[in-house]
Amino acid sequence: MIGAAASSEAVSHTCLCELKRSKCQQLATGSGKRKPATVHCKDTGHMNSRMAASSSRVMLGPLVAAIDQGTSSTRFLVFNAKTAELLSHHQVEINQSFPKEGWVEEDPKEILQSVYECMERTCEKLTQLNVDISNIKAIGVTNQRETTLVWDKETGEPLYNAIVWLDLRTQSTVERLINKTPGRNKNHLKHKTGLPISTYFSAVKLRWLMDNVDEVAEAVLTHRAMFGTVDSWLIWCLTGGKSGGVHCTDVTNASRTMLFNIHTLDWDPELCKYFDIPMEILPKVRSSSEIYGLMKICSSLKSGCLSGIPISGCLGDQSAALVGQMCFQEGQAKNTYGTGCFLLRNTGAKPVMSEHGLLTTVAYKLGRDKPACYALEGSVAIAGAVVRWLKDNLGIIQTSTELEKLAASVGTSYGCYFVPAFSGLYAPYWEPSARGIICGLTQFTNKSHLAFAALEAVCFQTREILDAMNQDSGIPLTQLQVDGGMTSNRLLMQLQADILCIPVVKPSMPETTALGAAMAAGAAEGVSVWSLRPEDLSEVTSEKFEPQINPEGQGAYESEFRYARWKKAVQRAMNWETTEPISNGNGETSIFSSVPLGFYILGSMLMLIGAKYIAGHK
C-alpha cells in the first residue's frame with residue numbers, strides 16, 4: 001500500500017480510542033457477540049489519561065495478531081477476536097530496488113527485519129496501553145503473492161534478492177514457452193493452473209533464478225535449496241529457521257505459482273516437469289487455517305512474549321481481503337486498491353474458467369477438512385504504484401495525499417489519457433510487451449490534468465476487469481466492495497462509482513487484508529477463538545459512494561466517451577517491446593526483433609531510397 005507509516009502519537013491515540021469503544025461496546029451489549037461499534041470518542045484526552053493511569057484494564061478477551069507483508073510496506077496488527085476491532089498496529093516501509101529496466105527486487109532480510117520491528121513496536125504500544133500481550137492467542141500471515149525467494153536451508157541465508165511479482169526479467173522465457181505451445185497459446189496450462197503463462201507468476205521467476213544465479217543452481221544440486229513465496233520465508237524463519245523451521249505455504253499462495261493443480265490442490269508433477277523444477281525444493285501445501293508451527297523469538301525482546309504462540313492462518317493478500325470483507329457467499333466480490341488493483345469474485349466450491357481474460361484462483365480453504373473455495377480474479381499490475389511513480393520519478397507531488405488535491409483542482413484530465421503499463425498489461429489482456437503511455441497532450445495540459453488522468457486510469461482498469469467478470473458470471477455486480485490504501489482518496493472512490501455506474505462501498509475499518517488473516521488464524525482448529533459462523537460475524541459499518549451521473553444523461557455519454565478513448569490509448573501501448581530475437585533462418589537474429597527500432601530503420605531506408613530516386617530524376 002502507498003503511504004508512510006503513521007506516527008507513534010497518532011497510532012497511540014487511535015489505540016486508546018479503540019479500547020474505549022471496546023469497553024463501551026461490552027457495556028452496551030452485555031456479551032461477547034459482535035455488534036457494530038457506534039460509540040464516538042468524546043473528551044478523548046481526559047478519558048485517555050484516566051485509562052492510562054488505571055491499573056485495572058478493560059477485559060478484552062482473546063486477541064489475534066496478523067503480519068501483513070505487502071509490496072511496499074510491512075505491518076503487524078492486533079485485533080480483538082470478539083469484536084473484530086483493531087487495537088494497535090505498526091508499519092514499516094519496504095525498499096524496492098530496480099537493478100535493470102523492468103527488474104524489481106526486495107531484500108529478504110529486510111522483509112524479515114521489518115516484521116520483527118513491527119512486532120516489537122506494536123508490543124511496546126500494547127504495553128503502554130496496559131494490554132496483556134499474553135492474550136494474543138494466534139498469529140496469521142498475509143503477503144504479497146507470487147514474489148519469489150530461494151534460500152539455503154543449512155545456513156538460513158537467502159541466495160538472491162526476492163524477485164517481486166511486478167518483475168519483467170522473465171519476458172523472454174515466457175515468449176519462448178508460448179512459442180513452443182500448440183498455436184502459440186498462452187492459456188496452454190490454464191486447465192490445471194487457472195492461469196496464463198505470464199511473467200507474473202512464480203514458476204518462471206524460479207526458473208530464472210536456477211538458470212542465472214550460480215548459488216541457487218548449486219544449492220539445488222546439493223539439495224540445500226528451499227523455494228517459497230513471502231509467506232513461506234516468513235513462517236520458516238519465525239518458527240525456527242535452520243533450527244527446525246516449518247517449510248510450508250497455503251493453497252492460495254500455491255495457486256499463484258503455475259506449479260499447483262487447482263483441482264487436486266497439490267503440486268503437479270507434470271507442471272514441475274514442464275518448468276524443470278525439482279519438487280523437493282517446494283514447500284508443503286497446507287490449508288489457510290490450521291496450526292503450522294509455533295513462534296520462536298528472542299526472549300530479551302518486548303515481542304519475545306510472542307514465543308510459543310501458534311502461527312495458524314496464511315492467505316495471499318487478495319484472498320485475505322476477500323475473507324476480511326466477509327465475501328463468503330458465491331457471487332460476492334471485492335476490489336483492493338494497493339500497489340496493484342485486484343478484483344476477486346467468490347465462485348463457490350467449483351473453479352470457473354474465464355473466457356474473458358480473468359484468472360481462476362483458490363480463494364481460501366479455511367481448515368484441513370474444509371472444502372476449498374474458488375474465485376475469479378481480475379489483476380491489474382499498476383494502481384497505487386502510479387502514485388509512487390508520480391512522486392518519486394516525476395516529483396510532481398511530495399506526498400500521496402497531494403494527488404487528490406491536485407486532481408480535484410481541475411476535475412478533468414482535459415483529454416489526457418494515461419495507460420500505466422509499466423510491467424506490461426495484466427487482465428484482461430495479458431500482454432507483457434505493452435509499455436506505459438501518456439497521450440492526448442496539448443500545450444494546455446499541466447500536472448493537475450496528469451494527476452487526474454492517473455486516477456482515471458485506475459478506475460478505467462477496474463471497469464475493464466469488472467466488465468469481463470460480469471460477462472463470465474452472467475450476473476452483473478450491483479455494488480463494489482473496496483479496500484486498500486488508495487480508498488482513502490475520496491475523489492478516486494467517487495470517480496470509480498461514476499465510471500462503473502454502481503455504488504462503491506468502503507468499510508470504516510480499512511485493514512481488511514490483515515483482518516482476513518487474523519480471522520483465519522483465530523478460527524483454526526486448536527485455537528478456536530474466532531467464530532466464522534454467519535450469525536457471529538461482525539456487522540461491517542461502511543461508507544457508500546453513489547454514482548453522481550445520470551445513466552441516461554450527458555454525463556454518462558461523456559464518461560463512456562472517455563472510457564472509449566482510454567481503450568484506444570491501451571491499443572497504442574500494445575506490442576511496444578519484445579525481447580525474443582527473430583531468426584533470419586541462419587541462426588542469426590534480425591535487427592527487426594525490436595519493433596520500434598525495426599520501424600525506425602525501415603522508415604529511414606525508405607526515405608534514403610526515395611531521396612536517391614528524386615535526386616536521380618532532377
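Only a predicted model underlies this, so the values are computations on that prediction, with no experimental measurement involved.
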Original post:
Which one of Val230, Thr339, Val104 satisfies the side chain to side chain contact (heavy atoms under 4.5 Å, CB included) criterion with Trp165?
Top reply: Thr339

Original post:
Who are the salt bridge (charged side-chain N to carboxylate O under 4.0 Å, His left out) partners of Asp467, not counting sequence neighbours?
Top reply: Arg463

Original post:
Can you name the residues that form a side-chain contact (heavy atoms from CB on, under 4.5 Å) with Ala383, not counting sequence neighbours?
Top reply: Cys341, Val458, Met486

Original post:
Quick one: are Asp483 and Pro510 in side-chain contact, heavy atoms under 4.5 Å?
Top reply: no

Original post:
Gln318 versus Lys334: any side-chain heavy-atom pair under 4.5 Å?
Top reply: yes

Original post:
So, for Thr170 and Val204, which heavy atoms are closest and what is the spacing to 0.1 Å?
Top reply: CG2-O, 3.4 Å

Original post:
What residue pairs, at least two apart or across chains, pass ring pair (Phe, Tyr, Trp, His ring centres under 6.0 Å) with a residue in residues 346-368?
Top reply: Phe328-Tyr364

Original post:
Who are the salt bridge (charged side-chain N to carboxylate O under 4.0 Å, His left out) partners of Glu330, not counting sequence neighbours?
Top reply: none

Original post:
Do Leu159 and Arg224 touch side chain to side chain, with heavy atoms closer than 4.5 Å?
Top reply: no

Original post:
What's the shortest heavy-atom distance between Ala375 and Ala363, and which atoms?
Top reply: CB-CB, 3.9 Å

Original post:
Could you walk me through whether Arg75 and Glu511 pass the salt bridge (charged side-chain N to carboxylate O under 4.0 Å, His left out) check?
Top reply: CA-CA 10 Å; Arg75 283 170 302 162; Glu511 305 294 349; 2.3 Å; yes

Original post:
Can you name the residues that form a ring pair (Phe, Tyr, Trp, His ring centres under 6.0 Å) with Tyr426, not counting sequence neighbours?
Top reply: Tyr200, Trp430

**OP:** Ignoring hydrogens and angles, state whether a donor on the side chain of Glu175 or Ser172 is under 3.5 Å from an acceptor on the partner side chain.
**Re:** no

**OP:** Take Phe227 and Trp233 through the test ring pair (Phe, Tyr, Trp, His ring centres under 6.0 Å) and record every step on the way to the result.
**Re:** CA-CA 8 Å; Phe227 154 77; Trp233 166 244; over 10 Å; no

Subject >> 4.5 Å side-chain heavy-atom contact, Asn346 and Cys373 >> reply: yes

Original post:
Which residues pass the side-chain hydrogen bond (donor to acceptor under 3.5 Å, both in side chains) test with Lys567, sequence neighbours left out?
Top reply: Glu464

Original post:
Using the benzene-type ring in the case of Trp, are the ring centres of Trp151 and His247 under 6.0 Å apart?
Top reply: yes

Original post:
What pairs with Glu377 under salt bridge (charged side-chain N to carboxylate O under 4.0 Å, His left out), at least two apart in sequence or on another chain?
Top reply: Arg145, Arg256

**OP:** Taking all non-hydrogen atoms of both residues into account, name the closest pair between Val362 and Ala372 and its distance.
**Re:** CG1-CB, 4.5 Å

Original post:
Which heavy-atom pair separates Ser114 from Ile94 by the least distance, and what is that distance?
Top reply: OG-CD1, 3.4 Å

**OP:** Taking atom types as modelled, find out whether Asp250 and Thr252 have a side-chain donor-acceptor pair closer than 3.5 angstrom.
**Re:** yes

**OP:** Check side-chain contact (heavy atoms from CB on, under 4.5 Å) between Glu290 and all other residues, then give those that pass, not counting sequence neighbours.
**Re:** Arg286, Ser287, Tyr292, Arg368

Subject >> ring pair (Phe, Tyr, Trp, His ring centres under 6.0 Å) against Trp103, all qualifying residues, sequence neighbours excluded >> reply: Trp208

Original post:
Given the rule in the side chain to side chain donor-acceptor pair (under 3.5 Å) test, do Thr249 and Asp231 qualify, once you have shown the distances and angles that lead to the verdict?
Top reply: CA-CA 7 Å; Thr249 188; Asp231 58 306; 2.7 Å; yes

Subject >> Ala421: partners by side-chain contact (heavy atoms from CB on, under 4.5 Å), with sequence neighbours left out >> reply: Val419, Leu425, Ala434

Original post:
Does Lys100 pair with Glu105 as a salt bridge, N-O distance under 4.0 Å?
Top reply: no

**OP:** Would you indicate whether the side-chain heavy atoms of Met210 and Pro278 approach each other to under 4.5 Å?
**Re:** yes

**OP:** Classify the side-chain pair Thr142/Thr513 by whether it contains a donor and acceptor separated by less than 3.5 Å.
**Re:** no

**OP:** Heavy atoms only: give me the nearest Cys272-Leu282 pair and the separation to one decimal.
**Re:** SG-CD1, 3.8 Å

Original post:
Do the non-hydrogen side-chain atoms of Arg345 and Asn470 ever get within less than 4.5 Å of each other?
Top reply: yes

Original post:
Applying side chain to side chain donor-acceptor pair (under 3.5 Å), which residue pairs with at least one partner in residues 188-197 are found, sequence neighbours left out?
Top reply: Lys192-Asp268, Lys192-Glu270

Subject >> Contacts of type salt bridge (charged side-chain N to carboxylate O under 4.0 Å, His left out), residue Asp211, not counting sequence neighbours >> reply: Arg207

Original post:
Can you tell me if Thr74 and Gln69 form a side-chain donor-acceptor pair at under 3.5 Å?
Top reply: yes

**OP:** Start with the C-alpha gap between Gln144 and Glu106, add the side-chain angles, then the distance that decides, and say whether side chain to side chain donor-acceptor pair (under 3.5 Å) holds.
**Re:** CA-CA 12 Å; Gln144 52 172 310; Glu106 292 179 352; 3.0 Å; yes

Subject >> Where Ser423 and Ala381 come nearest, the two heavy atoms and their spacing >> reply: CB-CB, 4.4 Å

Original post:
Are Asn253 and Asn143 linked by a side-chain donor-acceptor pair shorter than 3.5 Å?
Top reply: yes

Original post:
Ile277 pairs by side chain to side chain contact (heavy atoms under 4.5 Å, CB included) with which of Thr257, Leu271, Leu259?
Top reply: Leu259

Original post:
Mind checking whether Phe460 and Trp566 have parallel, tilted or perpendicular rings, split at 30° and 60°?
Top reply: tilted

Original post:
salt bridge (charged side-chain N to carboxylate O under 4.0 Å, His left out) between Asp107 and Lys109: does it pass, once the steps are laid out?
Top reply: CA-CA 5 Å; Asp107 181 352; Lys109 286 187 172 181; over 6 Å; no

